[in-house]
Amino acid sequence: METNRGHAGQAEGNGEQEERGRQGRLPAPEALLADLNEEQQRAVTHGEGPLLVLAGAGSGKTRVITRRIAWLLAMGIPAERILAITFTNKAAQEMRQRVERLIPGHRVWIGTFHAFGVHLLRQFGDRLSLSRSFTIYDVDDRNAFLRATMEAARLDNYRYRPEGIASAISKAKNQLRSPADYARSAVDHFAQVVAEVYPLYERRLRQVQAVDFDDLLYLPALLLREHEQIRSHLDDRYRFILIDEYQDTNLAQYEIVRRLSQDHRNLCVVGDPDQSIYRWRGSDIRNILDFERDFPDARVIHLPRNYRSTGAIVSAANRLIAHNKQRKKKELRTENAWGVPVRVWTFRDGLDEADQVVRRIKETVQAGRFRYRDHAIFVRINALTRVLESAFVRHGVPFQIVKGFAFYERKENKDVLAYLRLLVNPQDDVAFERVVNVPARGIGETTIERLRNLAAERGCSLLAAAAEAGRCTTIKAASARALTQFHRLITELRTRLDLPPHELIDLVLQRSGYEQMLQSSEDPDDQERLANVQELVTAARQFHELNPQAGLTGFLEQVALASDVDGWDHEADRVSVMTLHASKGLEFPVVYILAVEEGLLPHERALRDEAELEEERRLCFVGMTRAMRELHLCHAHLREYRGVIRCAIPSGFLDELPRDQVEWHDLTSTDSNSTRPGDRPIVYAPPPSLPPVPSLPSSSASDLSGSRRGGKSILPPLHRSAANGEAVEGLAPGIVIQHEQFGIGQVVAVSGFGAQQRMKVRFPAHGEKTLLVAQAPFRILNRRSGS
DNA sequence: CGAAAGGATGTTTTT
DNA sequence: CATCCTTTCG
């Protein structure tokens, strides 16, 4: 028990005691500084002018921001003059609460950039010809909308996927490039197609009174750029601005910040270049690196001291991140005890990994060393949470997978939400198309196509066109009747928009027949869908109770802006499972990072260029520095992904850790099914070299259990196509192979080509497995013996 | 028109 | 593996 602060899984800086504050009275300013170190105090008490706080992981940066807000209030700055931007809604909510504890009843605006964007657009959207009840399209809606746009313009015969074009447009908006800007620099064919589609997409988007996600930053940035009176008004209104996670801002966000800090340059940004992990989304690390160039008079405060983690964890993290070349050299320091070593665990496969990690957590809790909520498991990709899920269920260990989004992303909920959006904004054609035939009303693709033509002719929305369907000669009578009836349904529901959101959802469920459809279904999945939809009603009710004024628009807005961590319950005594990205800003006593393997961490898509590789390293760094007391890094020799089994190689990042300080445990030889709680793993400490890599048959014989017993030199060598990553000639059903792990089996089917070539193999002991030919370690035994 | 079945296909991270 | 797409048939 080396360190003695903090609870599991709350946002950083959680250990502080911020209970104070009698109603309505401002605290004495000094009281806000009592438990801060010198640098933190300087940051909190900094007066006017730009301020850059370079805060290392675990250095208490959230605490600095909250205290600074409180300090400003205590100095008499009116709350409405302060603007604080956080990275997630969850962080905003916690910050609000913490400031609340210091200064009860404060009215400081705290939220994400996107929420702030919505806030601005609702106020000033009319300047951009945007109605007050605009719809926010998520990525799926956006893609569907773009597809429809291209089809309507007869541009759909290009070979590019709408999603690809959509993401190019998204990127353009993040870089504040208008359609005209984009067109000017479009050189290759793809860019030219994008340049053609982008303006159409924008025009149509405004027509249906919708904005996409990027518009929530792009449009406010334009607004501030082109409307000087609004800009100066807001600049004056927000005298003091604080931005958290500044290293992950993109150009649009940067523009917003700059425009609001021209007349009153009281801008405080906090961040850590080593924790920049959203480059792929347009974040530009230069925003923080060049802050001093933008504001030459900026005060810069470094917070290198880590209060969160043990010496062992800090040391390992330092060593890893030092391998990044594009980086200012710096080191985290800690005065915390050294603690237990960072451990690296080697497993046979992903199932083993999940099973044993969960088992170990259970034992730890049963031994009374930690609670479930003290544990977190991080993964690089969401797909890896599946195996974990079943392991948790099997062991009866409580857990939560942090993906708040998932609930609203379910088809049934998106359907219901689409109904609601259509009610709020009848122009929303995406919503219309989504629900017009759900439940089935006899309105098929041909009818929709004809309706689209009608709407295009009249220049009206699909819903408005539906009302006129009867007069359109091309639409069949039965379909027209169904359409007018649908129109009547929506019109009628629209008269009840004054109802609280949950009651309205209930009404929609009944009147639309959606509930009926699920209730009377034979499909067992539909019962679950019914439950989900009812859960949506509950969510709406809870929202309404918390925000009685917000109404349906508010509810839809919250749903649209929800982030993964927002749904996370940090009080529940459960193990948290999340992606490395979602872990940013959190802390846990015990952290496991799974699948620290080449291709996953670093991810294979990030291997092409050095900058992306460095981002992967930062991602690993972020995950490691979430740990307070124990850090476990896991990898396996075989990894099943998308139903295909591949050989996995330990991540190069593992080699970059301080070898003499890290403990390596190889669990590949223990059978997970027979391991008893008391069993102790074999320890190699310190390891003589790299952890054993599943390798050519001639080398170490200890790496894999199973079929190979050594000494079979008469046989051809194992076919290691991983080395050349190519397809294999002559593979066909009937051929017998020997696999490193599963032994002898017969090929049942072969499909695909090149690196994607797969084979389905039946193994007597393991059943049928699908293998990636280019990756799997196997050799062909017999070309003839089919049967 | 729409349900069902088969096949091709693509894949990170998320406000 | 899971989703999306096409095809097919009622």
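All chains are named by letter (A, B, ...) in the order of the sequence lines, taking the proteins before the strands, and each is independently numbered beginning at 1.
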(message) With a cut-off of less than 4.0 Å, is there a side-chain N or O of T579(A) near OP1 or OP2 of dT14(B)?
(response) yes

(message) Check this for me: R286(A), atom CZ, are more than 12 non-hydrogen atoms of other residues, nucleotides or ligands nearer than 6.0 Å?
(response) no

(request) Provide, to the nearest angstrom, the distance between the NZ atom belonging to K90(A) and the P atom belonging to dT15(B). (result) 13 Å

(message) When you compare the side chains of N287(A) and T249(A), does any donor N or O come within less than 3.5 Å of an acceptor on the partner?
(response) yes

(request) Please work out if L580(A) contacts a base, only the sugar-phosphate, or nothing of the nucleic acid, heavy-atom cut-off 4.0 Å. (result) nothing

(request) Establish, yes or no, whether a centroid distance under 6.0 Å links the rings of F145(A) and Y137(A). (result) yes

(request) Round to a whole Å and report the spacing from NZ of K173(A) to C1' of dT15(B). (result) 15 Å

(request) Could you tell me whether Y641(A) contacts a base, only the sugar-phosphate backbone, or nothing, with contacts defined as non-hydrogen atoms closer than 4.0 Å? (result) nothing

(request) Return the value, rounded to whole Å, for the distance between atom CD of E245(A) and atom C1' of dT13(B). (result) 15 Å

(request) Among residues two or more places apart or on two chains, list those pairs meeting ring-ring contact (aromatic ring centres under 6.0 Å, His included) that have a residue in residues 596-620 of chain A. (result) none

Between the protein and nucleotides 2-8 of chain C, which nitrogen or oxygen pairs are less than 3.5 angstrom apart?
from   : atom 1 : to      : atom 2 : distance (Å)
dA2(C) : OP1    : R386(A) : NH1    : 3.4

(message) Reading DNA chain B from 5' onward, which residue's closest nucleotide shows up sooner: E615(A) or R441(A)?
(response) R441(A)

(message) OP1 or OP2 of dG2(B) versus the side-chain N and O atoms of N437(A): is any pair under 4.0 Å?
(response) yes

(message) Using a heavy-atom cut-off of 4.0 Å across all strands, would you classify T447(A) as base, sugar-phosphate, or nothing?
(response) sugar-phosphate

(request) With sequence neighbours excluded, tell me which residues meet ring pair (Phe, Tyr, Trp, His ring centres under 6.0 Å) with F87(A). (result) Y278(A)

(message) Suppose we screen for salt bridge (charged side-chain N to carboxylate O under 4.0 Å, His left out). Which residues come up paired with R646(A), at least two apart in sequence or across chains?
(response) E604(A)

(message) For I448(A) and T112(A), find the nucleotide of DNA chain B closest to each by heavy atoms; which residue's nucleotide sits nearer the 5' end?
(response) I448(A)

(request) Nearest whole angstrom, please: distance from the P of dT15(B) to the CD1 of I243(A). (result) 18 Å

(request) May I have the distance from N250(A) (atom CG) to dT15(B) (atom C1'), rounded to whole angstrom? (result) 10 Å

(request) Specify the separation, in whole Å, of atom CG of N89(A) and atom P of dT15(B). (result) 8 Å

(request) Report yes if the ring of H114(A) lies under 5.5 Å from the six-membered base ring of dT15(B) with planes under 30°, and no otherwise. (result) no

(message) Quick test of the criterion, 5.5 Å between centres and less than 30° between planes. Is Y278(A) stacked on dT14(B) or not?
(response) no

(message) Students often get this wrong, so: under 4.0 angstrom with heavy atoms, is F87(A) touching a base, only sugar-phosphate, or nothing?
(response) sugar-phosphate

(message) Taking salt bridge (charged side-chain N to carboxylate O under 4.0 Å, His left out) as the definition, give me every residue that meets it alongside R639(A), ordered by chain and number, with sequence neighbours left out.
(response) E353(A), E597(A)

(request) Between dC5(C) and dT12(B), how far apart are the C1' atoms? Round to whole Å, please. (result) 24 Å

(request) Using side-chain hydrogen bond (donor to acceptor under 3.5 Å, both in side chains) as the criterion, list what pairs up with D215(A), not counting sequence neighbours. (result) K173(A), R206(A)

(request) Specify the separation, in whole Å, of atom CZ of R161(A) and atom P of dA8(B). (result) 18 Å

(request) Starting from P on dT14(B), measure out to CE on M578(A) and report it in whole angstrom. (result) 11 Å

(request) Can you figure out which of dT12(B), dG2(B), dT15(B) approaches the side chain of A440(A) most closely? (result) dG2(B)

(request) Examine dT13(B): is either OP1 or OP2 under 4.0 Å from a nitrogen or oxygen in the side chain of N382(A)? Give yes or no. (result) yes

